[in-house]
Amino acid sequence: MAHWTIDEPTKIDFDGVVTLKANIVAGTVSILPTDNRPSLQVSEISGHPLEVVHEAGMLSVNQKRGGLEGVLQWLQNTRGRATVTITVPKDCPVTLNLVTANAVITGLSGRVSVKTASGDVTLDGVTGTIDANTATGAIEAQGVSGSVSFKSVSGDLALAHGVLESLNAHSVSGKITTDVDLHDEGGVQVKTVSGEVTMRLPESTSAEVSLNSVGGRIDSAFPELTREERAVPKTVTGTLGDGSASLNVNSVSGAITLLSRPDPEALKQEGERDL
Amino acid sequence: MSPVFGHGRLRLYLLKLLEESPRHGYEVIRLLQDRFLGVYSPSPGTIYPRLARLEEEGLVTHEVTKGKKVYRLTDAGRAELERRMDELAELEDELSESVRDIAREVQEDVRETVRSLREELTHAAREMRKQGPAGATQNLKETSQRQKEDWQRQKAYWKEQKRTWKEEWRHTWDDAWTTATGTPEDAARVKLDRVLRKFVEDVRAAPRDGLDDDQITQTRELLAETFERIRCEIFRSNA
């Protein structure tokens with residue numbers, strides 16, 4: 001087992017990392033993929049030192065805050081922060097716990113599990129399962145291609161460019177905004193209390209759709225869906241294509257908007273026609 | 001000379017890679033690609049001749065294992081690396097900074113994408129409520145075009161950033177090499193160059209709302225004045 005206590009800018013290499021677990025309270029943590037030796041680099045650190053443990057391929061990084069003493073010290077030393085960059089194999093699963101720290105994660109295909117209080121999390125090209133829990137921090141992801149699970153109080157979720165196998169999103173007031181494709185048999189289940197839900201899907205999406213809101217308005221760009229205004233909750237339901245995927249959005253007072261975008265093929269043809 | 005490593009720096013890094021473990025040429029290339037996260041992609045035409053030259057100088061030697069040349073450090077090579085440990089540390093710091101820069105760029109890129117996505121979707125939603133579903137689709141076709149242009153602009157911006165980094169790296173390492181191996185005057189000139197380069201960058205980035213001929217004329221006059229003052233007051237030379 002190897003153990004380091006880091007209180008100044010340092011760089012460490014490791015023989016092999018098969019899982020990463022990091023608890024960062026304040027600062028920034030970046031997790032990038034590498035085919036080379038996994039590494040950890042601290043470029044800025046103040047306040048509490050970072051405890052790094054590498055054992056049997058499991059890498060664990062902690063901004064130490066042990067016990068009551070630790071908590072009191074944190075309350076006094078609110079400016080303590082660490083800027084950490086960690087490179088791991090592409091398929092390494094990552095578990096990240098943040099308080100106010102922001103995180104950037106790119107290019108990983110293993111499971112990414114993030115819990116944050118107010119820190120923002122940015123994911124780019126993370127193609128495995130994403131499990132995100134936030135209180136007020138924003139989760140923004142580009143290029144997803146797996147299952148996404150999202151729980152939030154008021155933090156927003158944004159998914160841009162990608163193909164969803166499944167989305168399970170629960171939020172109180174956090175907004176859910178997506179512009180992704182839905183896998184053929186994908187399942188989307190979104191529940192919010194007051195959070196607005198705006199989703200854009202390709203015109204050619206095949207899905208059983210059910211949009212329900214008690215107090216919020218529902219708008220849909222798909223003519224195949226029918227609106228039932230007199231019922232409570234208001235609903236817009238129907239079948240797109242051959243209904244192979246499923247899309248369920250439920251909100252108490254949040255507005256639900258379902259937009260459509262032309263398929264890339266159609267766009268290309270239009271573009272060529274214009275030439 | 002490769003665009004990223006200044007003269008002499010690539011050799012140093014090759015020695016370091018071989019110190020970690022004996023390797024064949026292809027491995028060396030792949031490692032360089034990895035460590036630069038794809039920003040720098042060395043070609044065999046750059047690496048193999050350098051390995052050959054290192055071998056001529058006795059710093060490196062090779063064995064043929066399973067039909068491939070595997071290079072490793074000689075004692076002389078190890079000594080050379082020892083001698084230049086400080087330089088190597090500096091080089092590695094440069095590399096680390098660039099990795100961090102990449103992470104920051106990714107974050108900004110995604111944030112920007114999401115921000116413009118939200119704007120676009122809000123706009124589309126508004127259009128849809130006004131004109132009905134067909135209106136929104138039409139609107140989307142227009143905004144898709146704009147989005148394509150945005151993406152292209154972002155790609156171009158990203159490419160420009162990479163190019164700027166490579167330039168900066170080359171400057172910084174050229175400078176460091178001269179400082180380490182030149183005379184005191186060479187080193188001082190390097191510092192002067194750096195001061196001037198920073199000045200040029202700062203001025204270039206200064207115009208916020210466009211640039212007109214009048215501003216350029218004024219700038220030219222001010223620069224001429226400043227040059228006179230530097231020449232007479234600081235360098236004490238006479239026209």
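Please read all numbers here as calculations on a predicted model, not as lab measurements. Values reported hereafter were calculated over all heavy atoms of this structure, with side chains retained and with hydrogens, waters and symmetry mates removed. Chain identifiers are assigned alphabetically (A, B, ...) following the order of the sequence lines, protein sequences preceding nucleic acid strands; residue numbering begins at 1 within each chain.
Neither the backbone nor the side chain of A/I31 comes within less than 4.5 Å of any heavy atom of chain B. Looking at A/I105, there are no atoms closer than 4.5 Å to chain B (heavy atoms on both sides), in backbone or side chain.
Residues B/M128 and A/T257 have side chains in contact (heavy-atom distance under 4.5 Å, counting atoms from C-beta outward). Contact of the A/E140 side chain with the B/T113 side chain is not registered, since no non-hydrogen atoms from C-beta on lie closer than 4.5 Å.
Scanning all heavy atoms of the two residues, the minimum distance from A/A160 to B/L117 falls at CB-CD2, 3.8 Å.
The pair B/E20-A/R37 does not count as a salt bridge, with every side-chain nitrogen at least 4.0 angstrom from each carboxylate oxygen.
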For side chain to side chain contact (heavy atoms under 4.5 Å, CB included), just list the numbers for B/D109 and A/Q142, CA-CA rounded to whole Å, side-chain angles, deciding distance to a tenth of an Å, and then say yes or no. CA-CA 9 Å; B/D109 180 52; A/Q142 178 173 261; 3.5 Å; yes
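Rounded to the nearest 0.5 Å, atoms CZ (B/R129) and CZ (A/R217) are 4.5 Å apart. Here the CG atom belonging to A/D156 is positioned 5.0 Å from the CZ atom belonging to B/R118, to the nearest 0.5 angstrom. Atom-to-atom distance recorded for A/L259:CG and B/E127:CD is 11.0 Å, nearest 0.5 angstrom. Rounding to the nearest 0.5 Å places OG1 of A/T198 at 6.5 Å from CG of B/L121.
Within a 6.0 Å sphere centred on CG of B/D202, other residues, nucleotides and ligands contribute more than 12 heavy atoms.
In summary, of the residues considered (A/D124, A/L32, A/L123), a side-chain contact (heavy atoms from CB on, under 4.5 Å) with B/V106 occurs for A/D124 alone.
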